[in-house]
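Quick note: numbers below take in every heavy atom, side chains included, and nothing from hydrogens, waters or symmetry partners. All values derive from a computational prediction rather than experimental measurement.
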Amino acid sequence: MKLLKRKTSTRVSKIQKKPTLSKCRCGGKANKPKPVERCQDRWIISCQVERCFATNIGQGLVDTINGWNRLSTHFYR
């Protein structure tokens with residue numbers, strides 16, 4: 001049986017880019033992420049359209065943006 005060898009790397013990992021916000025499912029633009037009051041590292045993103053109630057609240061800025069992008073393309077919340 002052949003033994004698998006792990007590669008050792010001395011390279012510095014690539015810097016992760018901050019994801020951009022996609023449009024809302026209603027076609028409107030998303031507000032910039034706002035920190036939640038009296039919470040640490042919690043963010044809220046909502047739609048700019050007044051009648052649209054799409055919001056996403058999450059822990060960590062990158063995770064919240066990724067969640068908004070994933071959920072904003074679907075017609076359910």
Side-chain angles (χ1 to χ4, degrees):
M1 181 166 38
K2 189 175 184 179
L3 295 175
L4 299 174
K5 293 184 181 180
R6 292 187 181 180
K7 292 182 180 181
T8 56
S9 177
T10 58
R11 292 184 192 179
V12 176
S13 63
K14 294 180 181 179
I15 298 174
Q16 294 180 353
K17 294 180 183 178
K18 182 179 173 184
T20 58
L21 292 171
S22 61
K23 288 187 175 181
C24 181
R25 64 180 186 228
C26 71
K29 293 177 76 176
N31 288 329
K32 292 182 179 180
K34 298 176 188 173
V36 177
E37 292 181 20
R38 298 186 306 261
C39 291
Q40 183 177 2
D41 199 27
R42 294 211 31 109
W43 300 87
I44 185 168
I45 300 172
S46 59
C47 184
Q48 290 180 354
V49 177
E50 185 176 330
R51 296 183 72 192
C52 181
F53 297 105
T55 59
N56 189 21
I57 300 172
Q59 183 107 16
L61 181 59
V62 175
D63 290 337
T64 306
I65 293 172
N66 288 335
W68 172 264
N69 292 340
R70 185 179 64 250
L71 295 176
S72 65
T73 58
H74 299 288
F75 287 106
Y76 62 89
R77 283 272 177 192

Exercise. Can you name the nearest heavy-atom pair linking Ala30 to Leu21, along with the distance?
Worked result: CB-CD1, 4.1 Å
Table please: side-chain donor-acceptor pairs of residues 58-67 below 3.5 Å, with sequence neighbours left out.
| unit_1 | atom_1 | unit_2 | atom_2 | d |
| --- | --- | --- | --- | --- |
| Gln59 | OE1 | Arg42 | NH1 | 3.4 |
| Thr64 | OG1 | Gly58 | O | 3.3 |
| Thr64 | OG1 | Gly60 | O | 2.7 |
| Asn66 | ND2 | Val62 | O | 3.3 |

For this session: Find the distance between CD1 (Ile57) and OG (Ser46) and round it off to the nearest 0.5 Å.
Result: 9.0 Å
Problem set entry | Residues that, via side-chain heavy atoms closer than 4.5 angstrom, fall in one hydrophobic cluster with Phe53 | none
Seminar exercise, completed: Distance col, row Ile45:CD1 vs Asn31:CG, nearest 0.5 angstrom, shows 9.0 Å
Problem set entry | Option from Pro33, Pro19, Cys24 for which side chain to side chain contact (heavy atoms under 4.5 Å, CB included) with Trp68 holds | Cys24
